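These notes are about the structure you will find just below.
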Amino acid sequence: MMPLTLRILAIILALLFFVYTIRLIRKNLAEVRHMMKWFILALVILFGALFSEFAAKIAYALGIKTLSSFALFVLVAMLVVISLRYQISLIAAEKQIKNLIQEVSILRKEMKDAEIEKKENSTKEQENKKGVKN
């Protein structure tokens, strides 16, 4: 069983974390879709603080001796999953950036080639006009 002071501290920290994430969203410093992971993490902390006996039963069923070890295991596992998801989205963004760079490079080359062709055509037209006058 979790001591009362630790339980109160965990509840206060979870609520402060909720308030902080909501402030980030309201100030347009974060998006809801990215903050959902942190909301879930805060809910897990709050759930563990409010229902520590239930968490202790789960820990015992998994063969974990102390509630703090179980809490640490759960929180680290959640952070690893969050980190992995961010890594996956980072890789996707890098691929998208690479594709955009390639597309922009191709468009720049096409524009440059079109400008050169336009200059050549205008030079030929001027030469043709000079040749017709003579």
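The structure presented is a predicted model; accordingly, all values stated were derived computationally and were not measured.
For the pair M78 and V44, the tightest heavy-atom approach, listed with the atom from each and the gap, is SD-CG2, 3.7 Å. A49 and A10 make their closest contact through CB-CB, 3.6 Å (heavy atoms, listed as atom of the first residue, atom of the second, distance). Closest of all the heavy-atom pairs between H34 and Y86 is O-OH, 3.4 Å. The two atoms that bring K27 and R23 nearest to each other are NZ-NH2, 2.8 Å, heavy atoms only.
Hydrophobic clustering (ILVMFWY, side-chain heavy atoms < 4.5 Å, transitive): L90 and I88 are in distinct clusters. Residues L24 and V19 are members of separate hydrophobic clusters, defined by side-chain heavy-atom contacts under 4.5 angstrom among Ile, Leu, Val, Met, Phe, Trp and Tyr. Cluster annotation: L16 is not connected to L41 through the hydrophobic network of ILVMFWY side chains, with a link wherever side-chain heavy atoms come within less than 4.5 Å. Put simply, L50 and L4 are part of two different groups of oily side chains (I, L, V, M, F, W, Y) that touch within less than 4.5 Å, one to the next. In the hydrophobic clustering of ILVMFWY residues, with side-chain heavy atoms under 4.5 Å counting as a link, L75 and I40 come out together.
In this structure, the separation between CG on L43 and CE on M36 is 8.5 Å, given to the nearest 0.5 Å. Here the CG-CD1 distance, from L46 to I12, works out to 11.5 Å after rounding to the nearest 0.5 Å. Distance check: S89 OG to R33 CZ gives 8.5 Å after rounding to the nearest 0.5 Å. Here the CG-CD distance, from L67 to E53, works out to 9.0 Å after rounding to the nearest 0.5 Å. Note: L13 CG to L6 CG = 9.5 Å, rounded to the nearest 0.5 Å. Rounding to the nearest 0.5 Å places CD1 of I116 at 13.5 Å from NZ of K118.
Counting only distance, with no hydrogens or angles, the side chain of T21 and the backbone of F17 share a donor-acceptor pair below 3.5 Å. Side chain of S52 to main chain of G48: no donor-acceptor pair is present (N/O by atom type, distance under 3.5 Å, no hydrogens or angles).
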List the steps and the verdict of side-chain contact (heavy atoms from CB on, under 4.5 Å) for Y20 and W38. CA-CA 10 Å; Y20 181 67; W38 300 109; over 6 Å; no
Evaluation steps, side-chain contact (heavy atoms from CB on, under 4.5 Å), between L107 and E110: CA-CA 5 Å; L107 288 172; E110 288 175 356; 3.8 Å; yes
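For N99, there are no side-chain hydrogen bond (donor to acceptor under 3.5 Å, both in side chains) partners at least two apart in sequence or on another chain. Checked against ring pair (Phe, Tyr, Trp, His ring centres under 6.0 Å), F39 has the following partners two or more places apart in sequence or in another chain: F18.
I58 places none of its side-chain heavy atoms less than 4.5 Å from the side chain of I64.
When the options T5, L9, I11 are evaluated for a side-chain contact (heavy atoms from CB on, under 4.5 Å) with R7, the one that passes is I11.
Atom CZ of F73 has 12 or fewer heavy atoms from other residues, nucleotides or ligands within 6.0 Å. Residue Q96 places its CD atom among 12 or fewer non-hydrogen atoms of other residues, nucleotides or ligands, all under 6.0 Å distant.
Using a 4.0 Å cut-off between charged nitrogen and carboxylate oxygen, E31 and R26 do not count as a salt-bridge pair.
By the 4.5 Å side-chain criterion applied to Ile, Leu, Val, Met, Phe, Trp and Tyr, V76 is assigned to a cluster that also includes L72, V80.
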